[in-house]
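Have a look at the structure below before the remarks.
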Amino acid sequence: MAGLIDRSRLREEELPGRPSHRHTNHRTKMKTYTLPVIGIMTLGAAAFANTTPSKASTGDVLLARDSFSPCQWLGDRFKWFNAERDHKNPYIQEFNVSLRMQYGMDWIDPNGEGRVMGEKEGNGRRFNDEWRRFRAGFNMKFLKNFKFNNVWNIGGMDGLESYNASENRWDTSDLTYSLYELNLEYKGGPITYAIGKIKPRITGEYRTSSSAILTIERSMLVNQLRSETNYGFQMNNSDKNDKIGWAAGIWLNGNGGTGTGSFNNRIEPAFNSQDNCFVTGTLSYDTSNDVFLKKSRLWLDYAHNFTKWGDDAQNKAYDTLHDYSFKTKYQGTGAKDVVALTWEGSQGNFSLMTEVMAGFNVIGMKAGAENVFGVTIMPSYKFTPNWEGVVRYQMAAGSNAVKWEKRYTQNSTYSGTSDCMQALYLGVNYYIFECNPNMAKIMAGIEYAHSNGTDASKKKGFTLSLIHISEPTRPY
């Protein structure tokens, strides 16, 4: 199947320099305490969610449950200061800390014999696990109209293992420290302004916080076309309930400094404008009660990139003069032009997200790749306040232009490029706390994907079984 990345043949310079926030360490073994810690935290959070004060009598159980909320108690631990709750303060209104810990495990079953990395050498491995995200930071509201956000990726935690073909071994990795967000917002009446390192929110799934997504991983084409968090300036309407919403922004393409090597992307904070910029624009319209679901909204996103990526002659000349490589420090969009039309709606316990998107003049792909198109349909239903079922169909197509998500497929020998991909995902989510579902949840899913394209083995398919654990987090 033409969809999986061959890590043994991949060269660093072939892909954009998006920071993976992990550093390969060939000698350190995977830590053995991660899974026990995850298990203890999960069971502890679940038990805590169902606790009542131990001294409550049988007749007072309902009253005790009403008077003590574990969810509220835990949430308050992250709200260090609140002017309404604590005491009036003309300067600082809120000070909150944030923590996002998401641990994931996955298992793959690629179609075909000998398609697992190291299998022919007797060292094959279909299983992988990692700390998918581990972030900490704080945000502060001050002088009534200002908000400061600062979030860091925390290093030193278990990352993925990748196969080293030359040594016939699996190399371990750790997450690396890097700055995720650092920005200042000002709410000037109907318009909110923001400047700093911000997440450009284009496409429906990428606009959704990683603590609130319904599937273990966002759709493949969303991950291909999105950018990393970048330094920029953004304006948007302040009230999310406006009938017509809008946003516009301008962002740099590079996060790294001017040194050499892709690891320079992770030297943070770092700021450069060597590879120009990209611009984004969003329009949204409230379609509630206008269509078949009670609450809904339609979004139109567009991004245009002015990157110098395709000008190899200019890049080489610039490298010589300034010791700077565009391709190892590129953090922008996955295509020079990105368009997405998203409709999201809900009624009662049912919700639906549909999205069509396109990338014109894709960036970071091999010769011959030009445009890519895709569609996502994702219905979900909450059976109880704690249990939710999710189904997702996704498709992406483009001649030699579909880039597979290597995080869950790097254990296979298949190529990282295909002409067309279709996948069906079935998942279930368990929310530990009812009052704030995304504070702590467990996600499990299985996905079957099929692709065809330029790989020597022609049409192939694979099944990808994923298990993901998200621990208590304070959304930011």
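Using a 4.0 Å cut-off between charged side-chain N and carboxylate O, R169 and D171 make a salt bridge. Looking at K199 and E181, no side-chain N of the basic residue comes within less than 4.0 Å of a carboxylate O on the acidic one, giving no salt bridge. The pair D301-R207 counts as a salt bridge, with a side-chain nitrogen and a carboxylate oxygen less than 4.0 angstrom apart. A salt bridge links R126 to E119: one of the charged nitrogens lies within less than 4.0 Å of a carboxylate oxygen. Comment: E205 engages R392 in a salt bridge, judged by a side-chain N to carboxylate O separation of less than 4.0 angstrom. Salt bridge present: R132 and E217 bring a charged side-chain N and a carboxylate O closer than 4.0 Å.
Within the 4.5 Å cutoff, the side chain of W251 has no heavy atoms near those of the C277 side chain. Two residues are said to be in side-chain contact when any heavy atoms from C-beta on lie closer than 4.5 Å; V372 and Q224 meet this criterion. The shortest side-chain heavy-atom distance between M101 and R133 does not fall under the 4.5 Å cut-off. Contact check for F433 versus N438: no side-chain heavy atoms found under the 4.5 Å cut-off. Counting heavy atoms from C-beta outward, V362 and E370 have side chains that stay 4.5 Å or more apart. Residues S162 and M117 fail the side-chain proximity criterion, which asks for heavy atoms closer than 4.5 Å. You'll find the side chain of M220 reaches within 4.5 Å of the side chain of Q394, heavy atoms only. Between T342 and M357, every side-chain heavy-atom pair lies at or beyond the 4.5 Å cut-off.
For Y163 and W170, the distance between ring centers is under 6.0 angstrom. In this structure, Y430 has its ring center closer than 6.0 angstrom to the ring center of W387.
When only modelled atom types and interatomic distance are considered, S238 and T192 share a side-chain donor-acceptor pair under 3.5 Å. Between the side chains of T307 and N276, no donor N or O sits under 3.5 Å from an acceptor N or O. Side-chain contact, R135 with N153: a donor N or O sits under 3.5 Å from an acceptor N or O. If you check the side chains of S380 and S351, you find a donor sitting under 3.5 Å from an acceptor. With hydrogens and angles left out, the side-chain atoms of N183 and N149 include a donor and acceptor closer than 3.5 Å. Of the N and O atoms on the side chains of Q102 and E130, not one donor lies less than 3.5 Å from an acceptor on the other residue. Judged purely by distance below 3.5 Å, without hydrogens or angles, the side chains of D286 and S288 pair a donor atom with an acceptor atom.
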Checklist entry - What's the verdict on side chain to side chain contact (heavy atoms under 4.5 Å, CB included) for N123 and R125, showing C-alpha distance, side-chain angles and the deciding distance? => result CA-CA 7 Å; N123 193 21; R125 176 175 174 174; over 6 Å; no
Next on the checklist: The test is side chain to side chain contact (heavy atoms under 4.5 Å, CB included); show your working for L352 and I377 and say whether it passes.
Outcome noted: CA-CA 8 Å; L352 176 65; I377 302 173; 4.3 Å; yes
Next on the checklist: What verdict does the side chain to side chain donor-acceptor pair (under 3.5 Å) test give for W404 and S418, after you've listed the backbone C-alpha separation in whole Å, the side-chain angles of each residue and the deciding distance to 0.1 Å?
Outcome noted: CA-CA 8 Å; W404 284 74; S418 64; 2.9 Å; yes
Next on the checklist: What verdict does the side chain to side chain contact (heavy atoms under 4.5 Å, CB included) test give for Y302 and T282, after you've listed the backbone C-alpha separation in whole Å, the side-chain angles of each residue and the deciding distance to 0.1 Å?
Outcome noted: CA-CA 6 Å; Y302 174 71; T282 297; over 6 Å; no
Checklist entry - So N386 and E434, side chain to side chain contact (heavy atoms under 4.5 Å, CB included) or not? Walk me through it. => result CA-CA 7 Å; N386 301 97; E434 292 184 24; 3.6 Å; yes
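Of the inter-residue distances, the one linking N305 atom CG with N361 atom CG reads 10.5 Å to the nearest 0.5 angstrom. Within the model, atoms OG of S227 and OH of Y206 stand 5.0 Å from one another, a figure rounded to the nearest 0.5 Å. From R218, atom CZ reaches atom OG1 of T203 across 7.5 Å, with rounding to the nearest 0.5 Å. Put simply, CG on L179 and CG on N150 are 6.0 Å apart, with the number rounded to the nearest 0.5 Å. Note: N253 CG to F278 CZ = 6.0 Å, rounded to the nearest 0.5 Å. A distance of 10.5 Å separates CD1 of I442 from CG of N429, quoted to the nearest 0.5 Å.
The aromatic rings of H450 and Y448 lie parallel to each other, their planes meeting at an angle below 30°, with 60° marking the opposite boundary. Ring geometry for W131 versus Y103: interplanar angle over 60°, hence perpendicular rather than tilted (30 to 60°). Between Y186 and Y193, the ring planes are parallel. Angles under 30° get that label, and only those over 60° would be called perpendicular.
Using modelled atom types, one side-chain atom of T229 and one backbone atom of Y180 make a donor-acceptor pair closer than 3.5 Å. Using modelled atom types, one side-chain atom of N164 and one backbone atom of E167 make a donor-acceptor pair closer than 3.5 Å. Between the side chain of K147 and the backbone N or O of K187, no donor-acceptor pair lies under 3.5 Å. Put simply, the side chain of N230 never gets that close to the backbone of I198: no donor and acceptor are under 3.5 Å apart. Panel note: side chain T333, backbone A335; a donor-acceptor pair is recorded below 3.5 Å. Panel note: side chain N128, backbone L160; no donor-acceptor pair is recorded below 3.5 Å. With hydrogens and angles disregarded, a donor-acceptor distance shorter than 3.5 Å links the side chain of Q347 to the backbone of K294. No side-chain donor-acceptor contact under 3.5 Å links N241 to the backbone of D239.
For the pair K336 and F306, the NZ or CZ position fails the cation-pi test of under 6.0 Å to the six-membered ring centre and within 45 degrees of the ring normal.
F383 and G389 get closest at one heavy-atom pair: CE1-N, 3.7 Å. Closest non-hydrogen pair, I216 versus G445, comes out as CD1-N, 3.6 Å. Smallest separation of non-hydrogen atoms from F360 and N371: CA-OD1, 3.2 Å. Between P110 and V116, the shortest heavy-atom distance links the atoms CG-CG2, 3.8 Å. For the residue pair Y425 and A444, the shortest heavy atom distance occurs at OH-O, 4.0 Å. Of all non-hydrogen atoms in R297 and G245, the two that sit nearest each other are NH1-N, 3.9 Å.
Only one option out of T280, V222, L225 pairs with I202 in a side chain to side chain contact (heavy atoms under 4.5 Å, CB included); it is T280.
The ring pair (Phe, Tyr, Trp, His ring centres under 6.0 Å) search around W246 returns none, not counting sequence neighbours. For W343, the side chain to side chain donor-acceptor pair (under 3.5 Å) criterion is met by T287, not counting sequence neighbours.
By the 6.0 Å contact criterion, NZ on K243 is enclosed, its count of non-hydrogen atoms from other residues, nucleotides or ligands being greater than 12.
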